[in-house]
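Every number for a ligand or one of its atoms is a count from 1 in the order of the listing.
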Amino acid sequence: MTVEVDGIRFAWKPGQRDVVDIECFRVSAGERVFIEGPSGSGKSTLFSLLGGVVSPREGTVRVLQTNLSRMPAHRRDLFRADHIGFVFQMFNLVPYLSMLDNVTLPCRFSLLRRKRVRSRAESPEAEARRLLDRLGLDQHELHGRPVTDLSIGQQQRVAIARALIGAPELIMADEPTSSLDEGTRERFLEVLTAQCDEMGASLLFASHDMRLSSMFDRRVSLIELNRAAPGQPKEPT
Ligand code: ADP
Ligand code: MG
């Protein structure tokens, strides 16, 4: 099992209302799950909990049989660097680094991902080139350019390559398509899902755009899953 969530409650500040209250949520190895819910339903907060960025005040979050809820923050940071690839809404590329250096960045923070890269390529740079080629960025003259010179379509591919390098077991993409037009959006999803399959990674994809859900094994409504989401259907009285 890649993700096992049991009885978690989370509030951003002590004493404030819970924004996440989830009884049970599972993601198996290699599974692709589409997480759907309106703005404010807790998608990003759930990802922060699964990534060990924050800890629940109650309950447990296990990723790859590791209980993150009882881990100190610095160990959670290491665990995240080793096992989780994030693709953010605005891609969050480092503006002063080249395309190639953005992609190899996770290998600087994770010995495990560096080792895994070495099993399939000569160096992180060579693996970054291979991934960028696979993602359709085979114009090598671009690889040394700062990412600020790139189009949105190129930046999204860099963000995918950075999430995938060193084969983390869990990829989380948080509304990565909201700034893209329709054609680009579908192409983005094809590329992302194909690469996750090739690497054997589980994929969690958050969006409020249901049209994208057909490429997934399963669809989860956060309004139904998260008892703290606003607009949660009330129990009949
Ligand atoms: P979604 O990603 O589905 O739009 P979020 O997880 O961002 O939902 O938000 C859920 C709730 O948590 C909202 O009420 C939001 O205002 C609040 N929230 C999100 N991030 C933070 C934060 N860093 N600090 C305080 N409150 C936050
Ligand atoms: Mg969000």
Side-chain angles (χ1 to χ4, degrees), residues 2-27 31-63 68-69 71-74 76-77 79-81 84-93 152 155-156 159-160 162-163 168 170-182 184-185 188-189 192-193 196 202-216 218-234:
T2 305
V3 169
E4 294 162 277
V5 160
D6 288 285
I8 55 166
R9 285 162 197 262
F10 174 79
W12 278 104
K13 290 208 182 81
Q16 272 185 359
R17 69 172 186 91
D18 287 336
V19 296
V20 169
D21 178 353
I22 293 176
E23 193 51 46
C24 180
F25 177 58
R26 300 278 184 272
V27 179
E31 196 179 17
R32 288 187 205 157
V33 182
F34 186 85
I35 299 194
E36 162 262 318
S39 181
S41 58
K43 301 181 295 295
S44 298
T45 306
L46 175 61
F47 280 7
S48 295
L49 285 157
L50 296 177
V53 179
V54 294
S55 284
R57 64 177 180 80
E58 267 179 37
T60 57
V61 174
R62 281 194 194 81
V63 177
L68 298 184
S69 327
M71 244 186 215
H74 71 277
R76 283 186 266 127
D77 292 344
F79 184 87
R80 180 168 59 250
I84 300 176
F86 273 102
V87 184
F88 298 96
Q89 181 166 9
M90 304 308 291
F91 308 131
N92 296 21
L93 301 174
I152 294 288
Q155 289 184 33
Q156 47 165 276
I160 298 177
R162 183 182 60 181
L170 176 60
I171 304 293
M172 289 196 266
D174 193 358
E175 305 206 51
T177 55
S178 44
S179 60
L180 308 176
D181 59 53
E182 208 169 315
T184 326
R185 214 183 281 147
F188 173 90
L189 256 186
L192 178 64
T193 51
C196 284
S202 303
L203 173 62
L204 282 177
F205 187 97
S207 179
H208 52 259
D209 187 355
M210 292 286 280
R211 286 169 301 176
L212 300 172
S213 66
S214 62
M215 297 181 76
F216 291 79
R218 186 154 61 96
R219 194 171 76 203
V220 170
S221 155
L222 214 52
I223 294 290
E224 285 164 24
L225 182 71
N226 178 15
R227 292 179 295 202
Q232 165 81 8
K234 293 270 179 301

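Dense packing is recorded around CZ of R218, with more than 12 heavy atoms of other residues, nucleotides or ligands lying under 6.0 Å away.
Taking the ring-ring contact (aromatic ring centres under 6.0 Å, His included) definition, one finds that F216 meets it with F34, F205, sequence neighbours left out. The side chain to side chain donor-acceptor pair (under 3.5 Å) check on S48 picks up nothing, with sequence neighbours excluded.
A salt bridge links D6 and R26; the closest N-O separation between the charged side-chain nitrogens and carboxylate oxygens is under 4.0 Å. A salt bridge between E58 and R9 is present, with a side-chain N of the basic residue lying under 4.0 Å from a carboxylate O of the acidic one. Electrostatic pairing of R227 and D18 does not count as a salt bridge here, judged by no charged N lying under 4.0 Å from a carboxylate O.
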Intermediate values then yes/no, side-chain contact (heavy atoms from CB on, under 4.5 Å), R80 and F86: CA-CA 9 Å; R80 180 168 59 250; F86 273 102; 3.6 Å; yes
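The two residues E36 and M210 have their closest heavy-atom pair at CG-SD, 3.0 Å.
Closer than 4.0 angstrom to ligand 1 lie heavy atoms from W12, R17, V19, P38, S39, G40, S41, G42, K43, S44, T45.
Judged by distance alone, with hydrogens and angles left aside, the side-chain atoms of K43 form a donor-acceptor pair with the main-chain N or O of G37 at under 3.5 Å.
The number of protein N/O/S atoms found under 2.8 Å from the Mg ion (ligand 2) is 1.
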